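In this text the structure is predicted, and so the values were computed from the model without any measurement. Convention: sequence-line order gives letters A, B, ...; per-chain numbering from 1.
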2 protein chains.
Amino acid sequence: MAEKRVYFFGGGKAEGNAKMKELLGGKGANLAEMSRLAIPVPAGFTITTEVCTHFMKTKGKYPKGLREDVNNSLAKVEKIMASRFGDPKNPLLFSVRSGARVSMPGMMETILNIGLTKNTIPGLVKKTGNERFVYDAYRRLIMMYSDVVMEKAAGIEPREGMGIRHQLEKEMQKIKDEKGVTFDTELDANDLKKLVNIFKKKVKQVLKKDFPDNPHDQLWGAISAVFQSWNGKRAKAYRRIEGIPDDWGTAVNIQTMVFGNMGESSATGVAFTRDPATGKNIFYGEFLVNAQGEDVVAGIRTPQAINLVSKTDASKQLPSLEELMPKLYNQLARIRTRLEKHYRDMQDVEFTIQDDKLYMLQTRVGKRNGVAAIRMAVEMCEEGLISKKTAISRVRPAQLDELLHPMLDPKSETKAQKLAKGLPAGPGGGIGQVVFTADDAEGWAKKDKKVILVRDETSPEDVHGMKAAQAILTAKGGMTSHAALVARGWGKCCIVGCGDLNINATKKVLSVNGKQLKEGDWISLNGTKGIVYDGKISLLPAQPEKNVHYKKLMSWADQLRRLNIRTNADTPQDAKVARIFGAEGIGLTRTEHMFFGPDRITPMREMILAEDQASRKKALNKLLPLQRKDFIGIFKAMNGLPVTIRLLDPPLHEFLPHDKKSQAEMAKQMGVSAETIQAKVQALHELNPMLGHRGCRLGITYPEITAMQVRAIIEAACIVAKQQVKVYPEIMIPLIGTKAELENQRKIAVEIAKEVIRKTKVKVRYLVGTMIEIPRAAITADEIAEVAEFFSFGTNDLTQMTFGYSRDDAGKFLPDYLAQKILSAEPFQTLDQEGVGQLVEMGIKRGRSTRPNLKVGICGEHGGDPASIEFCHRVGMNYVSCSPFRVPIARLAAAQAAIR
Amino acid sequence: MAEKRVYFFGGGKAEGNAKMKELLGGKGANLAEMSRLAIPVPAGFTITTEVCTHFMKTKGKYPKGLREDVNNSLAKVEKIMASRFGDPKNPLLFSVRSGARVSMPGMMETILNIGLTKNTIPGLVKKTGNERFVYDAYRRLIMMYSDVVMEKAAGIEPREGMGIRHQLEKEMQKIKDEKGVTFDTELDANDLKKLVNIFKKKVKQVLKKDFPDNPHDQLWGAISAVFQSWNGKRAKAYRRIEGIPDDWGTAVNIQTMVFGNMGESSATGVAFTRDPATGKNIFYGEFLVNAQGEDVVAGIRTPQAINLVSKTDASKQLPSLEELMPKLYNQLARIRTRLEKHYRDMQDVEFTIQDDKLYMLQTRVGKRNGVAAIRMAVEMCEEGLISKKTAISRVRPAQLDELLHPMLDPKSETKAQKLAKGLPAGPGGGIGQVVFTADDAEGWAKKDKKVILVRDETSPEDVHGMKAAQAILTAKGGMTSHAALVARGWGKCCIVGCGDLNINATKKVLSVNGKQLKEGDWISLNGTKGIVYDGKISLLPAQPEKNVHYKKLMSWADQLRRLNIRTNADTPQDAKVARIFGAEGIGLTRTEHMFFGPDRITPMREMILAEDQASRKKALNKLLPLQRKDFIGIFKAMNGLPVTIRLLDPPLHEFLPHDKKSQAEMAKQMGVSAETIQAKVQALHELNPMLGHRGCRLGITYPEITAMQVRAIIEAACIVAKQQVKVYPEIMIPLIGTKAELENQRKIAVEIAKEVIRKTKVKVRYLVGTMIEIPRAAITADEIAEVAEFFSFGTNDLTQMTFGYSRDDAGKFLPDYLAQKILSAEPFQTLDQEGVGQLVEMGIKRGRSTRPNLKVGICGEHGGDPASIEFCHRVGMNYVSCSPFRVPIARLAAAQAAIR
């Protein structure tokens, strides 16, 4: 432990500073810093977190000499405040508060008014001339201290409802009842005098100890209790959730009490140095006259605005601080400027005015929403306060979501009735009428109705209804379920895995936590938080292109990042959206989605039912022109940019209907028996389809499928090239595990491509590469790179196989794993760098060992996750690819990665 | 290329030797070696494989000076044989044969009788006094040469049935028809004279070329044709299958012709220096008087035995060579001794006697069955011919199978009617009556009937019937299906994946390739080859313990190996069998099999249906004494040896019935509604159960399961320890992917163990370790080893996840992959060293980096595969664990690995 264990601050000086958060905690460090800046801070001192650690290790002991250190600092405080702790005439009172490195709001203890005793009370009464104020402070001290120090910190665990605080509150209620009043404030000085005596007796009776009447006993009791509260149940649970190490410890801040409730010349308030809701460079805050800090947030009295610009509908009739106390307001406004210049970020401050004197009690970096974060970052940069790099680092990538999606109006949201909570699969807000089938969704939407499609889970056959709906809500599935993937791709609001929903799709009703909803009822979804509301909430539209600050910030990000950002897009529409959002190519076009359209599913099924190669080829020939058309559209939309197309990936059974009714329909349509179809479905059935006959394994057993798809790609490329479109197709073979597989598929692709290019006489450059999504491919990447011109890490599958977790089934144990901290993050959302990441690194390193200029990207869900993007930057990928609506997020995250 | 391209041999001298197989091919090297040993070999010379490579590269050109080299060697042959090539009076004839490094039987070309021309024929007639013999040789030359040299090597591709050979055969048939005879031998000299003229005209007519009448033209034509046949279709296909590199090339052997068909003083035969069927040290062979080599194997004439001990039922009436030509037989017997002493291995030789003169035409290492291989190896070692290490290397581990399982009598097998072929899942032979259900199998077996259980596939509920059956036959499933795993564990004959079976279990009939079988019909199974026969074939019993040679060989292997050999055993019976076979511990006890017994399945199901922890614990408490009893039995059987017990691994749904009828029964038995059970089955349903809620994931969500199992293990250990049994339990946590998972489970295990040990006051040493079967576990093995006391590689699952192959489904594409050489071996049988093996190596290295004395083993199916065992030895494992019947195989393979 360092020699110095107690840090004094006050009177324009301080022993600590803002950089010493680890030792002094956030609060202590900033109090010291403000004092150094000659900002008026009630004097005090901070006991370091190291003392806390020592206290924990030794089970309640203090390091030698601490008492002397405290006494020395205390003397300094007394000097500055010109009053003395325990002095009968001019007593000093202290607050004792916790303060960890990072804020743990409400998790640890605070005790106020330390120093009030039989001896000091009369002096304070005389000094303030306010007997009621003093006895009210004393009864508060007894309530807090007996609860926190004498009961909790002493390890006493009372029966339910028998805690000392509760018992004292009952006594207070008794007196109010006797007097026939409702509010605490209606008790006068005499009532309170009587009450403190009753309190002290009760304390003695219940806790078998006298309430301490020595100020130093009170102080040390409070210090110990605050240290001990670091290991309280609430604090421990909070740390487990937030991942805060147990050995950090908390500091303890002992600070002179100042009172905003000493009359009409006193006040207390909170303020932000800029508007946290819009980011505007205005001073924004509220306050109350003759009040304590908790009154401002309690909502019983309407807080007043500190100035004109802060006035709201509620406060516009009330005078502002600027109007009431102009001198003090000006002092506060100067402090605002000073703090912002000094901290170079928006500050959230607390202040108290005691008898016409302004004190700053706290300053810290203020929380803000996304829109505000962007504006502040850009404007502060333009003001010369911060650099472009800092501006970019100030905005969390996820905060961009607010600009990219329509959002439920937060004000209406607080008033709405919450029905249930699910997983936030597609961000933004959505409102609509409940429908239960994809066909209904499409039908209602055609009649210009806004609908929300509610299902147990979705399948590729629901896509038309999902497209038509405003938002999607499912009872089952995780963050990478079908609904989640599709919705995210479209930037559509979506909540999945909402287990409280009880859906009866046949009867078109659902019940949720006791409430019944039927088809046509309105609900609203907050897809960013995963909350379902009853009824219709107003929606704020998304118009990022109109936000000049956003545009500026993104242009700075583009200058700074090294990673290219591509998009996953299966249609020309998606591709266009992504280009607007700044995509620099397509990293993944999934061709299988193209086979579900009504004009395609029939030849696709013919292909699957084919008994021999000849009839399979016949069916494929019907698909060829359709696929070619798809690719022409995408190539045109991506003129000048590379387009990676993945060949058929899912197992064939996904294209066949699984219920008897649909099978019968299909049989009728195709002129075969229902038994034929059932037999095929059964033949294609797999116990573990994820590890089954899919990806390149299909292309190897049915080379004609690969041939058709490559032909469609290259023919499309040649056609658009003739129309002066710059086209760079990249053919991607999925699920490669061995070099021999890729050689096999590459040979087919190259032969077909050469043939098409020779025939059409158009020179088209193309690449053939592979997904790296099987652990073995990463391990043998050196061999595979000998035949692959690019790698694209399919980290969804790679995560599945590296962990042995089925995405579809892991919902049974992943929540437990996250709750028990067996995993620190959902591995399908944030790349597991420790395990899966090692395979990715190995794959890149080995791949480039045999092909130094190997192009490497990622096209799993992780491509849009900021933490994963930083990893991709660090391991030297060329690009990340993500869904269109995450492109701006990825651009920002890539810039932040480059800065770090 | 080396300077020397032609190697002469003959007259007790040779320029090459037996070690030069790469240059001279196997045949050429051994001919040179025999000549050096002064064994009578018809003189000749070998053109090296390097010339072949040159010939291929230059598309048919010879290196400069080759012609002179050939002429020089030819002159030496002429000198030794005292006759000249092309000499009208005393002509020399040659055979021209291929000879690669390894034998490629029948894949390349041979031309005999080179040197017969208009000029030399009269001289040879005069010399032999046998005109018919000479013209017969000539017509053979024309047939072979025109086909191989003039047509095939010239690249002519005739229409079907229009090849020159076929046309010549038609001409010959015509003459036989005219004469009214059946056999070639019935044509006399005049007929043949006529025939050769017809032949020559036909050749000219079809191939537009005269048949060459210059002996040197004939010779060079033949040499080129043999070189070219290296790239013939058959040879290329064979090389692809056998993995022989294309650039090895073949040598060409030009050797003086000798004739065993020159009358009663001529003969030809084949012999083995020891009996290849029993391994006995006797000279064994057969021959024919006045015959050519092909007559001995053609089966038209009954071959005679070379001596008394070689006589069979068929040849016992015929005189032996020893009786007919005692002097020559003695010479041959001396050569036999000489060759064995020289080669130190059993030789397979060909010899020809021409006019009372013995010539050796070939010697090579003789093929032998398992019993013979063992006996020869042991006896040769005891005779001082070879070392123990060599003896051990001489026996292929798979050859031990013949001793360990009863086998179908090979003689009866050749006569039996083959019904179908499946995968050889459990080696050995089995005969019995067909039954279609496990209950029938058990019922019939109780009435002392031998049955074969025939099913589509088996499940854990069939185990009692599988046990009762002589053998198991399934229509579906692969080498690691349930039936295969269980059968191999028991050493029971089993064939799986026999797709030709069409089973109707309800009607108790099956059809297979047109044949109908009903319940009670007899069939016979060869589980080593996967063949199903109709009817009852006789069975040879397995009695390895009575085979002294086997016992001796195994004791030598045990002295030499470094790896320990453990067994996978789930019952005391299995454990006992494995101990007899030499197991040094149990590497895997699967506890889940223990839950299927009729007394266990009900409490197991109660546990699964339990809605809360309390009722789950209640059900587990019923299982506890049963599990404890299981472990007591196993510990006693393994007194003094370590026992690794894996905690519950499979997903819970495996313990519930999936058909409505069984569900109704279960509901009735347990007093719940059928809907409850259906709901549970549905709730437990998983899309990819292999990647689902199983292994330690169950133990983490239901810690009480882990607790119960550990309690049963440690209580059992304490009980047997009190009875003086030495017990070393090793608790193995399955499916670990992260260190935190293992910490969680280890904590439960250690707490319970401590509690039990404290209560019982018995000191039991135990270990807690983990399976490494998830790629992530191998990658993060350094962290996991911090909490694992041992690793056991579960390479079944590790292979599944590293390749992304579901064992249950890979049957859809793996056969294709093997046929197309995308994979060189079935990765679930032989460990994929290139991919999965890298993870294993990484796991061991990283694991020992944090725990240097980490004990490492393998318990997947690969633990019984010789190639994989060598890998395990090389990467430094401590032990391999395999099914009881593979323990001897593993012991031998481990010794061979240590020797290599």
Side-chain angles (χ1 to χ4, degrees), chain A residues 651 683-695 697-698 700-701 735 737-741 743-744 773-780 783 797-817 820-824 827 832 834-839 842, chain B residues 651 683-695 697-698 700-701 735 737-741 743-744 773-780 783 797-817 820-824 827 832 834-839 842:
Chain A
L684 291 177
H685 172 74
E686 293 180 313
L687 290 177
N688 297 286
M690 195 53 74
L691 307 176
H693 198 188
R694 50 178 284 244
R697 299 165 196 174
L698 288 172
I700 287 168
T701 40
L735 218 68
T738 69
K739 180 185 173 185
E741 287 172 320
E743 278 176 329
N744 175 303
E773 52 188 332
I774 284 187
R776 198 182 185 284
I779 298 167
T780 60
E783 293 185 10
D797 270 305
L798 192 61
T799 299
Q800 289 201 96
M801 293 178 205
T802 305
F803 271 99
Y805 292 165
S806 160
R807 268 189 291 173
D808 300 304
D809 306 310
K812 294 215 171 91
F813 55 89
L814 272 191
D816 255 356
Y817 269 43
Q820 294 192 42
K821 289 274 152 188
I822 285 172
L823 291 174
S824 59
D832 161 52
E834 201 185 334
V836 181
Q838 282 203 55
L839 280 182
M842 193 186 294
Chain B
L684 290 177
H685 173 74
E686 292 180 313
L687 290 176
N688 296 286
M690 194 54 73
L691 307 176
H693 197 188
R694 51 179 283 244
R697 299 165 196 174
L698 289 173
I700 286 168
T701 41
L735 218 68
T738 69
K739 180 185 173 185
E741 287 173 319
E743 280 176 328
N744 174 302
E773 52 188 333
I774 284 188
R776 197 181 186 284
I779 297 167
T780 59
E783 294 184 11
D797 270 304
L798 192 61
T799 299
Q800 289 201 96
M801 293 178 204
T802 306
F803 271 99
Y805 293 165
S806 159
R807 268 188 290 173
D808 300 305
D809 306 309
K812 294 214 170 91
F813 54 89
L814 273 192
D816 255 357
Y817 271 41
Q820 294 192 42
K821 288 273 150 189
I822 286 172
L823 291 174
S824 59
D832 161 53
E834 202 184 333
V836 181
Q838 282 202 56
L839 280 182
M842 194 186 294

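Residue with the most contacts toward chain A among B:K821, B:K739, B:K812: B:K812 (heavy-atom pairs, distance under 4.5 Å). Of the listed residues (A:G835, A:S806, A:A777), the greatest number of heavy-atom pairs within a distance under 4.5 Å of chain B belongs to A:S806. Residue with the most contacts toward chain A among B:P689, B:G695, B:A810: B:P689 (heavy-atom pairs, distance under 4.5 Å). Of the listed residues (B:T738, B:D816, B:I700, B:T701), the greatest number of heavy-atom pairs within a distance under 4.5 Å of chain A belongs to B:I700. Chosen from A:R697, A:Q838, A:E686, the residue pairing most often with chain B at heavy-atom distances under 4.5 Å is A:R697. If you tally non-hydrogen atom pairs under 4.5 Å between each of B:Q800, B:E783, B:M842 and chain A, the highest count goes to B:E783. Across B:T802, B:V836, B:L823, the residue that shares the most heavy-atom pairs under 4.5 angstrom with chain A is B:T802.
A:A778 does not touch chain B: none of its heavy atoms, backbone or side chain, sits under 4.5 Å away. No part of A:E773 comes within reach of chain B, as not one of its non-hydrogen atoms sits under 4.5 angstrom from that chain.
The main-chain N or O of A:M690 is found under 3.5 Å from a side-chain atom of B:N688 such that the two form a donor-acceptor pair.
The salt bridge (Lys or Arg N to Asp or Glu O under 4.0 Å) search around B:R776 returns A:D832, A:E834, not counting sequence neighbours. A:E743 meets the side chain to side chain donor-acceptor pair (under 3.5 Å) test with no other residue; sequence neighbours excluded.
Remark: A:H693 NE2 to B:L814 CG distance equals 10.0 Å, nearest 0.5 Å. The line from CZ of A:R694 to CG of A:L735 is 4.5 Å long, rounded to the nearest 0.5 Å.
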Report the C-alpha distance between A:M801 and B:F803 in whole Å, list the side-chain angles of each, state the deciding distance to 0.1 Å, and finish with yes or no for side chain to side chain contact (heavy atoms under 4.5 Å, CB included). CA-CA 9 Å; A:M801 293 178 205; B:F803 271 99; over 6 Å; no
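Counting only heavy atoms from C-beta outward, the side chains of B:I774 and B:L798 never approach each other to under 4.5 Å.
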